[in-house]
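Here the structure comes first, spelled out in structure tokens, and everything after it is commentary.
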Amino acid sequence: IPQWPAFLTSEEEEAGFRLLFNGTDLSGWQSVPAAAWEAQGGILRGGVGALGRLLALAPLPNATVRFEFRLSARAEAALILRADDAGNGWEIPLKEDRWGPRTVDSTGGLAGHVAPKGDPNTGGSRWNWLEATLNGDDLTVRINDVTLLECDVAAVPGMPAGGGGGLQLRLDRGRIDVRNVLAKPLA
């Protein structure tokens, strides 16, 4: 596996982004269980020894988060925003679900509550680019240049309050690779 360097472009630096993954190890992250995630070749790999969560140790209650991800066949994962230590928070499903109809559990929606507005075409073991912005209760999710979700989370019926300021990745089935993990804290 060739090394994938972790770096910020000058535009990202000027915009206030910072690296959340250094490209070499799990510094700044915690894998639960420990065998679930590893850093290899500049890539965070989920599902290597077990299924589980990867917790960013620095809180990011309001931020723009960007990363690339690649899913194995029929993989199911999630980006969890405002997560508490138990992994409860606002979930954005990441699935290899390109053939299914768009539902509240499809890639890029708000899990169990709001279906995505389109299909980001995340299948085929290809790299996908995600950007999620959470500022107050306003949440926007874009994958592969498709805006999938724009909502006021507080106005979503039955939506629980965010559990904290944590950022987590969770793998429920298959494998996921993640690289170029960036965040821009917002006021």
Side-chain angles (χ1 to χ4, degrees), residues 20-21 29 31-32 36-37 43-47 50-56 60-61 63-84 86-135 137-183:
L20 292 183
F21 171 51
W29 298 88
S31 178
V32 179
W37 291 80
I43 296 171
L44 290 167
R45 295 188 178 280
L51 300 177
R53 295 179 294 133
L54 186 65
L55 296 65
L60 288 165
T64 295
V65 177
R66 293 180 179 169
F67 59 85
E68 290 178 273
F69 69 96
R70 176 173 64 186
L71 300 163
S72 67
R74 300 294 181 208
E76 294 184 10
L79 167 64
I80 308 172
L81 303 169
R82 294 217 181 124
D84 62 19
N88 301 310
W90 299 340
E91 294 186 23
I92 309 303
L94 305 173
K95 298 180 177 183
E96 202 281 326
D97 62 356
R98 62 187 166 193
W99 292 292
R102 301 294 99 195
T103 71
V104 295
D105 293 314
S106 294
T107 295
L110 188 55
H113 297 278
V114 181
K117 295 193 278 186
D119 181 359
N121 191 23
T122 57
S125 298
R126 69 177 222 160
W127 285 102
N128 303 279
W129 185 249
L130 178 143
E131 179 177 280
T133 300
L134 180 58
N135 195 5
D137 291 328
D138 294 326
L139 175 61
T140 302
V141 176
R142 293 178 53 81
I143 299 177
N144 298 332
D145 294 322
V146 177
T147 300
L148 300 170
L149 185 66
E150 293 178 290
C151 72
D152 176 351
V153 179
V156 175
M159 192 68 195
L167 169 74
Q168 299 183 15
L169 292 167
R170 187 186 69 228
L171 182 63
D172 298 317
R173 184 168 80 179
R175 294 185 67 151
I176 185 171
D177 292 337
V178 179
R179 67 184 183 192
N180 292 331
V181 185
L182 318 174

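Atoms considered below: every heavy atom in the structure, side chains included; atoms not considered: hydrogens, waters and symmetry mates.
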Testing [options] for side chain to side chain contact (heavy atoms under 4.5 Å, CB included) with [X], which one passes?
X	options	result
N144	T122, D119, T107, L130	T122
F67	L169, L182, L44	L169
F69	N128, L79, I43	N128

Within a strict 4.5 Å, meaning less than it, do heavy atoms of the [X] and [Y] side chains meet?
X	Y	answer
L54	V178	no
I143	L94	yes
P160	N88	no
W37	I176	yes
E150	T140	yes
W127	N180	no
L167	L81	yes
K95	S106	no

Would you say the side-chain atoms of R82 pair up with the backbone N or O of P61, donor to acceptor, closer than 3.5 Å? yes
Whether Q168 side chain and D84 backbone form a donor-acceptor pair below 3.5 Å: yes
Evaluate R142 against T147 for side-chain hydrogen bond (donor to acceptor under 3.5 Å, both in side chains), listing each step before the verdict. CA-CA 4 Å; R142 293 178 53 81; T147 300; 2.5 Å; yes
Closest contact, heavy atoms only, [X] versus [Y]:
X	Y	answer
R102	P120	NH1-CD, 4.1 Å
L149	G108	CB-O, 3.5 Å
R175	A75	O-CB, 3.6 Å
G109	P93	O-CD, 3.3 Å
R74	R173	O-NE, 2.8 Å
V181	W29	CG1-CZ2, 4.0 Å

What's the verdict on side chain to side chain contact (heavy atoms under 4.5 Å, CB included) for R170 and E76, showing C-alpha distance, side-chain angles and the deciding distance? CA-CA 9 Å; R170 187 186 69 228; E76 294 184 10; over 6 Å; no
Just how far is it from atom [atom1] of [X] to atom [atom2] of [Y], taken to the nearest 0.5 Å?
X	Y	atom1	atom2	value
I92	L148	CD1	CG	9.5 Å
S31	L171	OG	CG	10.5 Å
M159	W90	CE	CH2	6.5 Å

Answer yes or no: is there an ion pair linking R179 with D177, defined by an N-O contact shorter than 4.0 Å? no
